[in-house]
Amino acid sequence: MVCVQNTYNIAPRNDDALIDQLAMEAIAFVPFFPLGGFSPLQSVTLGEVAERLEVTPMQVALMWLRRRSPNVLLILGTSSVEHLRQNVAMVHMDLPEEEFALLDSIGTRAIGFGK
């Protein structure tokens, strides 16, 4: 086995423990639906962080995923050249620790999702 793919992003975080276990075994995790399913609270928080960092909310969500664990691999689909450029630009951006912690906490505040 080289990777596991499940629904995962800032909101649905049921696989947190699985991602950590896979990382210990050097197995990749590919988040399915990495940019969707956010509650209004989560969307507002993503927007506020994006505004502070002067990037898009989707770039923030991707930066959080990249920083979540070294075994998380992002496969991003898009039909827009502009979104492709934004996604590629995200690779060169850093998510400050305080913003990562804030974003990390919103998964636990979503109704129906938990860490």
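Values below: every heavy atom of this structure, side chains too, minus hydrogens, waters and symmetry copies.
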Joint hydrophobic cluster, [X] plus [Y], side-chain heavy atoms closer than 4.5 Å:
{"X": "M93", "Y": "V91", "answer": "yes"}
{"X": "V55", "Y": "L62", "answer": "yes"}
{"X": "L102", "Y": "M58", "answer": "yes"}
{"X": "I75", "Y": "F33", "answer": "no"}
{"X": "L76", "Y": "I10", "answer": "yes"}

Taking every non-hydrogen atom, the tightest pair across [X] and [Y]:
{"X": "M63", "Y": "M90", "value": "CG-CG, 3.5 Å"}
{"X": "A28", "Y": "L73", "value": "CB-CD1, 3.4 Å"}
{"X": "A50", "Y": "V60", "value": "CA-CG2, 3.6 Å"}
{"X": "I27", "Y": "N71", "value": "O-ND2, 3.0 Å"}
{"X": "L74", "Y": "P31", "value": "CD2-CG, 3.8 Å"}

- Query: Take atom CD in E54; do more than 12 heavy atoms of anything else shown fall under 6.0 Å from it?
  - Reply: no

- Does a sphere of radius 6.0 Å around CD in E51 hold more than 12 heavy atoms from other residues, nucleotides or ligands, not counting ones at 6.0 Å or beyond? no

When you measure from the side chain of [X] to the backbone N and O of [Y], does any donor-acceptor pair fall under 3.5 Å?
{"X": "S80", "Y": "H83", "answer": "yes"}
{"X": "Q42", "Y": "I106", "answer": "yes"}
{"X": "Q59", "Y": "Q86", "answer": "yes"}

- Item | D104 CG to E97 CD distance, which is reported to the nearest 0.5 Å |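 One gets 9.0 Å once the value is rounded to the nearest 0.5 Å.
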
- Note: R67-D94 ion pair, threshold 4.0 Å (strictly below):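 Salt bridge flag = no for D94 with R67.
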
- Task: Decide yes or no for L103 and L95: does some side-chain heavy atom of the first lie under 4.5 Å from some side-chain heavy atom of the second?
- Result: yes

- Step by step, would you call L18 with V4 a side-chain contact (heavy atoms from CB on, under 4.5 Å)? CA-CA 9 Å; L18 174 63; V4 171; 4.2 Å; yes

- Message: Assess the residue pair D20 and R68 against the criterion (salt bridge (Lys or Arg N to Asp or Glu O under 4.0 Å)); give the C-alpha distance rounded to whole Å, side-chain angles, the decisive distance to 0.1 Å, and a yes or no.
- Response: CA-CA 10 Å; D20 296 338; R68 167 59 182 86; 3.0 Å; yes

- Would you say the ring centroid of F32 lies under 6.0 angstrom from that of Y8?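 No, the ring centres sit 6.0 Å or more apart.
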
- Message: For a side-chain contact (heavy atoms from CB on, under 4.5 Å) check, start with the C-alpha distance between N9 and L35, then their side-chain angles and the critical distance, and finish with the verdict.
- Response: CA-CA 7 Å; N9 60 45; L35 295 177; over 6 Å; no

- Message: Please evaluate residues T45 and F38 with respect to the criterion side-chain contact (heavy atoms from CB on, under 4.5 Å), reporting the C-alpha separation (whole Å), side-chain torsions for both, the decisive distance (0.1 Å), and the verdict.
- Response: CA-CA 10 Å; T45 304; F38 305 123; over 6 Å; no

